[in-house]
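From a predicted model like this one, the values you see are computed outputs, not experimental measurements.
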Amino acid sequence: MLPEEMEYQRSGAAGAWHALHTRHQHEKLVAELLSRQGFEVFLPLYTAVHRWKDRAKRLRLPLFPCYLFLRDGAGRRLEVLKTPGVHGMVEVAGRPGVIPEEEIAAIRRLVAAPLPIEPHPYLESGDRVRIKAGALEGLEGILVRRQDQWRLVLSIEMLGRAVAVQVDAFLVERVGPRKKSAPATRFVGNFAPLRHSPGVAAAGLP
């Protein structure tokens with residue numbers, strides 16, 4: 001099995017990043033199998049505490065349930081699709097969609113930072129901000145408020161998924177004008193339609 005601390009493996013490959021749609025709770029197995037085949041795999045994880053009546057347990061769970069990222073997999077597509085647990089490769093206009101390198105790099109920085117992170121409903125509107133200082137300096141995303149805490153939301157647009165990290169409001173600055181709401185987009189993988197999660201209202205900066 002994949003060691004819990006191993007969130008991605010570098011193989012030295014240089015190519016585009018793609019997203020794979022996996023069976024429920026098969027993300028770690030698929031990542032392990034593809035890594036054994038020599039692929040560079042990125043499976044970002046986060047820590048969650050699950051509580052039962054008599055105990056609590058800390059678990060390492062996929063940040064994007066039923067998805068993982070694969071570099072340069074389009075050239076070996078048949079091999080990828082034959083891997084147990086893989087539903088398909090996320091496509092745009094009938095071709096494997098490409099995840100921008102900067103989005104992968106941003107998620108890597110979030111995973112490596114000593115800050116709590118968690119999955120978050122995908123956002124399509126709100127104020128885009130940049131972190132001005134600290135471990136995540138320079139990262140951009142959408143600022144939202146949850147109860148009395150601020151969170152920076154980073155979106156993987158092709159998947160219609162997002163992830164949130166807690167931030168101090170005074171460490172962020174608005175980037176550009178407010179984004180207007182846009183109609184939801186659906187991206188289709190080989191075997192199943194992928195729909196955007198319900199949007200969340202974004203909190204503006206003063």
Side-chain angles (χ1 to χ4, degrees), residues 6-22 27 30-31 34-35 39-46 61-75 80 86 88-93 95-113 115-132 134-144 151-167 171-176 179 181-182 184-189 194-197 199-200 202:
M6 191 180 93
E7 287 152 351
Y8 62 88
Q9 172 179 329
R10 295 180 183 273
S11 66
W17 283 99
H18 307 286
L20 293 185
H21 185 205
T22 73
E27 302 92 344
V30 171
L34 290 172
S35 295
F39 288 101
E40 183 177 357
V41 178
F42 179 27
L43 176 59
L45 306 172
Y46 76 102
L61 302 175
L63 199 53
F64 303 100
C66 295
Y67 294 97
L68 57 82
F69 303 104
L70 179 72
R71 188 193 282 275
D72 206 23
V80 171
V86 173
M89 188 173 290
V90 179
E91 296 183 346
V92 177
R95 304 184 64 180
V98 174
I99 306 292
E101 184 75 36
E102 57 269 24
E103 290 187 357
I104 296 294
I107 297 299
R108 280 179 168 168
R109 288 186 64 188
L110 280 184
V111 170
L115 298 169
I117 61 176
E118 62 184 12
H120 193 282
Y122 182 66
L123 298 177
E124 295 185 64
S125 64
D127 285 335
R128 186 168 186 83
V129 299
R130 179 189 298 116
I131 296 181
K132 299 183 293 184
L136 302 179
E137 181 179 359
L139 284 188
E140 296 183 9
I142 304 298
L143 187 68
V144 299
R151 283 175 166 78
L152 181 76
V153 179
L154 293 176
S155 300
I156 302 296
E157 294 187 6
M158 195 181 73
L159 296 186
R161 297 295 178 94
V163 58
V165 60
Q166 184 176 327
V167 296
L171 289 179
V172 302
E173 59 185 358
R174 184 180 295 140
V175 179
K179 181 180 177 182
S181 298
T185 304
R186 185 174 69 178
F187 297 99
V188 181
L194 309 177
R195 299 178 183 271
H196 282 190
S197 301
V200 172

Do you know which two heavy atoms are closest between [X] and [Y], and how far apart they sit?
X	Y	value
P44	I107	CB-CG2, 3.9 Å
P65	R161	O-NH1, 3.4 Å
V165	L115	CG2-CB, 3.9 Å
H18	I99	C-CG1, 4.2 Å
F39	G73	CE2-CA, 4.2 Å
G141	L154	CA-CD2, 4.0 Å

Practice task
Run the salt-bridge test on R109 and E137 with the 4.0 Å N-O cut-off and return the result as yes or no.
Solution key: no
Just verifying a value: how many Å separate [X] [atom1] and [Y] [atom2], rounded to the nearest 0.5 Å?
X	Y	atom1	atom2	answer
M89	R95	CE	CZ	12.5 Å
L110	L152	CG	CG	7.5 Å
F69	I104	CZ	CD1	4.5 Å
L68	L20	CG	CG	5.0 Å
R151	E118	CZ	CD	4.5 Å
L63	I117	CG	CD1	4.5 Å

So [Y] and [X], do their side chains get closer than 4.5 Å, heavy atoms only?
X	Y	answer
M158	V92	yes
Y46	V163	no
L143	V167	yes

Practice task
Quick one: do F42 and R71 satisfy side chain to side chain contact (heavy atoms under 4.5 Å, CB included)? Show the steps, please.
Solution key: CA-CA 8 Å; F42 179 27; R71 188 193 282 275; over 6 Å; no
Handout entry: Partner set under side-chain hydrogen bond (donor to acceptor under 3.5 Å, both in side chains) for E140, not counting sequence neighbours
Key = R128, R130
Exercise for the section: Verify, without hydrogens or angle tests, whether E91 (side chain) and G97 (backbone) share a donor-acceptor contact under 3.5 angstrom. Expected result: no
Practice task
Classify the angle between the aromatic ring planes of Y67 and H21 as parallel (below 30°), tilted (30 to 60°) or perpendicular (above 60°).
Solution key: parallel
